[in-house]
Number of protein chains: 2
Amino acid sequence: MATVKESSTNQLNKRLVTTKCPVTFIANKMGNRWKPLVIRELFSGTKRYGELKRAIPPISEKMLIQTLKELEVDGIINRKAMPVVPPHVEYSLTDSGQDLEAVITEMVKWSLKYNIQ
Amino acid sequence: MATVKESSTNQLNKRLVTTKCPVTFIANKMGNRWKPLVIRELFSGTKRYGELKRAIPPISEKMLIQTLKELEVDGIINRKAMPVVPPHVEYSLTDSGQDLEAVITEMVKWSLKYNIQ
DNA sequence: TCAAGTACCTACTAAAAAGTGTGTATCATG
DNA sequence: CATGATACACACTTTTTAGTAGGTACTTGA
């Protein structure tokens, strides 16, 4: 789903830093272009794939599922697929996903204080 | 220092997301491979370029100055150059840099709770 | 029977981030 | 007179991330 060269210095440093630095550890879980937006949507409750898509218009379908898959693998969200047709899939936050709210709250505070635009 | 194509969808989305999402806003300031490590070093006080380099062995000189420059541009750190030779440059956190400690504290809490390794 | 809606998958390309390697000026020291 | 230490600068390559553009299966409704 994204080929990674395990032996590169980039990967070595990434692993090194991730295991030594809690900030990087969490950043790898929630810190890319779309993850925070998806997480925020799920703070207000369980959502379907299509609902997330409509809630975040500029995201492409590829980036949306990619983001959802990574969040699922990292245990931040749950995926519940109903065996019906047309498909019906629901996403929700896990406990660790919910616990991100405290972190995000602090980030929002800082951003409001220093975001001048 | 890193050529960016302003017209790309990537950049459009980056700007869009950065202005709409406080998490992304702050992530752009402190969320890459080396920034958190540099910031952490500076939590314990002013440091010289060479001290930072020795404190974070795997970082390359290019990545270190690049990181320092970005942090300076973003107002997270101060750079104080003494007009002596050999050069003597000191880096320290600004107020907004200091204020990152609350954010980082929450991140550390989450990481300690969910970092299983 | 043809289009629309569901939740994806896959190959590909463009762009950005990270890393490598070399070079700079000035002085002190051996 | 060469070497080391200081704090960088710059061109370049590698690796990763983001985005584009197609396609899938099944069913309902017109």
Side-chain angles (χ1 to χ4, degrees), chain A residues 1-18 24 27-28 31-38 47-72 77 79-91, chain B residues 1-18 24 27-28 30-38 46-72 77 79-91:
Chain A
M1 141 173 79
T3 36
V4 174
K5 188 169 178 186
E6 299 292 348
S7 63
S8 67
T9 304
N10 194 345
Q11 279 302 309
L12 287 176
N13 278 341
K14 184 173 182 178
R15 283 197 294 272
L16 181 68
V17 165
T18 301
T24 308
N28 280 337
N32 72 1
R33 175 76 43 88
W34 302 110
K35 279 178 186 175
L37 297 182
V38 169
K47 293 244 162 51
R48 295 184 60 174
Y49 173 87
E51 290 181 283
L52 290 170
K53 190 157 115 63
R54 282 186 295 275
I56 312 170
I59 199 174
S60 68
E61 298 203 331
K62 182 214 161 196
M63 291 312 292
L64 180 53
I65 30 153
Q66 186 176 309
T67 300
L68 289 168
K69 287 227 158 162
E70 289 175 14
L71 289 172
E72 192 196 355
I77 65 172
R79 176 178 182 276
K80 190 175 164 195
M82 327 297 193
V84 295
V85 68
H88 181 122
V89 182
E90 288 183 350
Y91 292 95
Chain B
M1 147 172 73
T3 36
V4 174
K5 189 171 176 185
E6 299 293 347
S7 63
S8 67
T9 305
N10 194 343
Q11 280 301 310
L12 288 176
N13 277 340
K14 183 173 182 180
R15 283 196 293 272
L16 181 67
V17 164
T18 301
T24 306
N28 280 337
M30 57 161 294
N32 72 1
R33 174 78 40 89
W34 303 109
K35 280 177 187 174
L37 297 181
V38 170
T46 297
K47 293 244 161 51
R48 294 185 60 174
Y49 174 87
E51 291 181 283
L52 291 170
K53 191 159 118 62
R54 283 186 295 276
I56 312 170
I59 198 173
S60 69
E61 298 203 331
K62 182 216 161 194
M63 290 313 291
L64 180 53
I65 28 152
Q66 185 176 310
T67 300
L68 289 168
K69 287 226 157 161
E70 289 174 13
L71 288 171
E72 193 196 355
I77 65 172
R79 176 180 182 276
K80 190 175 165 195
M82 328 295 193
V84 296
V85 67
H88 181 122
V89 182
E90 289 183 350
Y91 292 95

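In what follows, chains carry the letters A, B, and so on, assigned in the order in which the sequence lines appear, proteins first and then strands, with residues in each chain numbered from 1. Just so you know, these numbers come straight off a predicted model, no measurement behind them. We use all heavy atoms of the structure for the numbers below, so side chains are in, but hydrogens, waters and symmetry mates are not.
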Distance in Å, Thr24(B) OG1 paired with Leu16(B) CG, rounded so as to fall on 0.5 Å steps
10.0 Å
Side chain to side chain contact (heavy atoms under 4.5 Å, CB included) between Arg48(A) and His88(A), worked out:
CA-CA 7 Å; Arg48(A) 295 184 60 174; His88(A) 181 122; 3.2 Å; yes
First and last nucleotide of DNA chain D, 5' to 3', lying under 4.0 Å from heavy atoms of chain A:
dT15(D) to dT27(D)
Evaluate the side chain to side chain contact (heavy atoms under 4.5 Å, CB included) criterion for residues Lys47(A) and Val38(A): first the C-alpha distance (whole Å), next the side-chain angles of each, then the deciding distance (0.1 Å), finally the verdict.
CA-CA 10 Å; Lys47(A) 293 244 162 51; Val38(A) 169; over 6 Å; no
Side-chain touch Leu37(A)/Ile59(A), heavy atoms, less than 4.5 angstrom:
no
If every non-hydrogen atom of Gln11(A) is compared with every non-hydrogen atom of Glu6(A), which pair is closest and at what distance?
CB-O, 3.5 Å
Name all pairs fulfilling the salt bridge (Lys or Arg N to Asp or Glu O under 4.0 Å) condition that reach into residues 50-59 of chain B, sequence neighbours left out, sorted by first residue then second.
Lys53(B)-Glu61(B)
Ile65(A) CD1 - dA7(C) P separation (whole Å)
12 Å
It should be established whether Arg54(A) places a side-chain nitrogen or oxygen under 4.0 Å from OP1 or OP2 of nucleotide dG5(C).
no
Overall bend - the helix from dT1(C)-dA30(D) to dT24(C)-dA7(D), comparing terminal axes fitted on five pairs, nearest 10 degrees
20°
Among all residues two or more places apart in sequence or in another chain, which pass the side chain to side chain contact (heavy atoms under 4.5 Å, CB included) test with Arg79(B)?
Glu72(B), Ala81(B), Val89(B), Tyr91(B)
Summarise protein proximity over nucleotides 16-29 of chain C in one line of letters, 5' to 3': B for base, S for sugar-phosphate only, - for none, counting protein heavy atoms closer than 4.0 Å.
SSBBB-----BS--
Identify the heavy atoms of Ile77(A) and Leu68(A) that sit nearest to each other, and give their distance.
CD1-O, 3.4 Å
Asn10(B): what forms a side chain to side chain contact (heavy atoms under 4.5 Å, CB included) with it, not counting sequence neighbours?
Arg33(A), Ser8(B)
Does a side-chain N or O from Tyr91(A) land closer than 4.0 Å to OP1 or OP2 of dC8(C), or not?
yes
Taking the side chain as everything from C-beta on, heavy atoms only, tell me whether Thr46(B) gets closer than 4.5 Å to Lys80(B).
no
